[in-house]
Amino acid sequence: MSNAPIPNLSIYSTKRLYVEAADAAYIATNKPLLMLRAVELLTPAVTSELPPYFQNVTDLGKAEQWLTQVSQGSRLFVVTKMSDQQMIGFMFVYPDDQSRAHLGYLLGENYWRQGFALELLEGFITWAEQEREFTTVIAGVSQDNTPSQKLLNKLGFSTQGGADNTAQFYHYHLRNSENRE
């Protein structure tokens with residue numbers, strides 16, 4: 001299997017990353033690699049603040065269950081580092097009925113504090129503004145995840161109620177939306 005990007009599935013690229021839509025055909029073709037990288041990337045430090053189905057993905061069987069659940073419940077995207085063709089994370093987009101998209105992402109521990117998350121989300125915002133599929137992006141962040149909170153603030157997300165004891169919700173109103181507040 002080639003590690004080269006599949007051009008028709010790449011939704012956007014940045015200086016160091018490309019992001020591919022992992023639709024059913026992509027998953028069928030790349031399932032062994034996706035499951036292996038899920039086991040490698042979904043470490044306890046990465047998943048500590050994520051929903052239960054992200055926890056304890058420690059073998060290929062659990063990775064297959066995880067992959068099925070995330071691909072059925074959201075649009076799954078694969079994040080790959082261009083320089084070495086290494087899959088370094090995943091992004092999840094959950095569109096709702098009100099022109100909003102709930103966004104989640106994760107990067108493996110080895111890729112933290114290198115600017116990849118900023119690059120990934122800047123690229124996503126640019127792509128979403130061009131696509132005009134939704135007007136608002138919502139990201140939930142654990143109250144304890146200060147780096148992600150700072151990142152979302154830096155990108156122009158704003159907090160909008162919805163905070164509970166464990167999470168704070170950030171909203172970003174896309175520039176090309178007709179419903180910009």
Side-chain angles (χ1 to χ4, degrees), residues 1-43 46-47 50-51 53-54 57 59-96 99-141 148 151-152 155 157 172 174-176:
M1 170 172 48
S2 169
N3 282 331
I6 303 169
N8 64 341
L9 290 179
S10 181
I11 62 163
Y12 69 86
S13 59
T14 66
K15 183 177 177 181
R16 299 179 295 164
L17 304 172
Y18 61 86
V19 178
E20 299 171 275
D23 63 4
Y26 180 95
I27 291 171
T29 302
N30 297 288
K31 193 172 190 176
L33 175 62
L34 289 167
M35 290 177 355
L36 179 62
R37 289 304 286 158
V39 170
E40 295 169 350
L41 295 170
L42 298 175
T43 63
V46 170
T47 63
L50 298 177
Y53 62 92
F54 282 85
V57 178
D59 60 48
L60 295 178
K62 291 176 182 175
E64 184 172 24
Q65 291 172 349
W66 173 83
L67 182 59
T68 298
Q69 186 159 359
V70 297
S71 63
Q72 289 176 348
S74 70
R75 293 182 190 168
L76 174 64
F77 298 90
V78 174
V79 181
T80 302
K81 191 169 70 156
M82 286 184 191
S83 63
D84 61 6
Q85 304 296 301
Q86 188 72 264
M87 186 184 306
I88 67 169
F90 300 99
M91 185 170 63
F92 318 91
V93 178
Y94 310 84
D96 69 15
S99 297
R100 298 180 303 199
H102 299 265
L103 173 68
Y105 64 93
L106 63 85
L107 298 174
E109 288 177 80
N110 293 337
Y111 307 101
W112 292 358
R113 293 179 282 287
Q114 297 176 47
F116 288 120
L118 175 64
E119 198 171 314
L120 172 67
L121 296 182
E122 283 177 333
F124 174 76
I125 289 167
T126 299
W127 174 80
E129 287 176 339
Q130 292 169 351
E131 289 298 307
R132 298 180 185 218
E133 185 176 340
F134 30 83
T135 59
T136 304
V137 177
I138 301 168
V141 178
S148 283
L151 172 63
L152 293 173
L155 288 166
F157 282 73
Y172 185 94
L174 298 169
R175 285 192 256 289
N176 289 336

Hey, does [Y] have a side-chain heavy atom less than 4.5 Å from the side chain of [X]?
| X | Y | result |
| --- | --- | --- |
| Y94 | I138 | no |
| I88 | L17 | yes |
| T14 | T126 | no |
| V46 | E109 | yes |
| F54 | L42 | yes |
| Y53 | Q69 | yes |
| L67 | I27 | yes |

Going from [atom1] on [X] to [atom2] on [Y], what distance comes out if it is rounded to the nearest 0.5 angstrom?
| X | Y | atom1 | atom2 | result |
| --- | --- | --- | --- | --- |
| K81 | N110 | NZ | CG | 9.0 Å |
| Y18 | Q85 | OH | CD | 4.0 Å |
| E20 | Y12 | CD | OH | 11.5 Å |
| L60 | E64 | CG | CD | 8.5 Å |
| L118 | L151 | CG | CG | 5.5 Å |
| F92 | L103 | CZ | CG | 10.0 Å |

Nearest atoms (heavy-atom pairs only) where [X] meets [Y]:
| X | Y | result |
| --- | --- | --- |
| L152 | A139 | CD1-CB, 3.9 Å |
| P95 | V93 | CD-O, 3.4 Å |
| V19 | M91 | CG1-CE, 3.9 Å |
| I11 | A21 | CG2-CB, 4.2 Å |
| L41 | G108 | CD2-CA, 3.5 Å |
| K62 | D59 | N-OD1, 2.8 Å |

Q: Determine, stepwise, if the pair V70 / F90 fulfils side chain to side chain contact (heavy atoms under 4.5 Å, CB included).
A: CA-CA 10 Å; V70 297; F90 300 99; over 6 Å; no
Okay, side chain of [X], backbone of [Y]: is any donor-acceptor separation there less than 3.5 Å?
| X | Y | result |
| --- | --- | --- |
| N30 | L34 | no |
| T47 | L50 | no |
| Q86 | M82 | no |
| E129 | L174 | no |
| W66 | A38 | no |

Q. For F157, which residues count as a ring pair (Phe, Tyr, Trp, His ring centres under 6.0 Å) partner, sequence neighbours excluded?
A.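 Counting only residues at least two positions away or on another chain, F157 forms a ring pair (Phe, Tyr, Trp, His ring centres under 6.0 Å) with Y172.
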**Q.** Residue pairs fulfilling ring pair (Phe, Tyr, Trp, His ring centres under 6.0 Å) with at least one residue in residues 68-87, sequence neighbours excluded
**A.**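 Listed once each, the pairs would be none.
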Q | Residues E119 and R16 bridged, charged N to O under 4.0 Å | A |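 A salt bridge is present here (some side-chain N lies under 4.0 Å from a carboxylate O).
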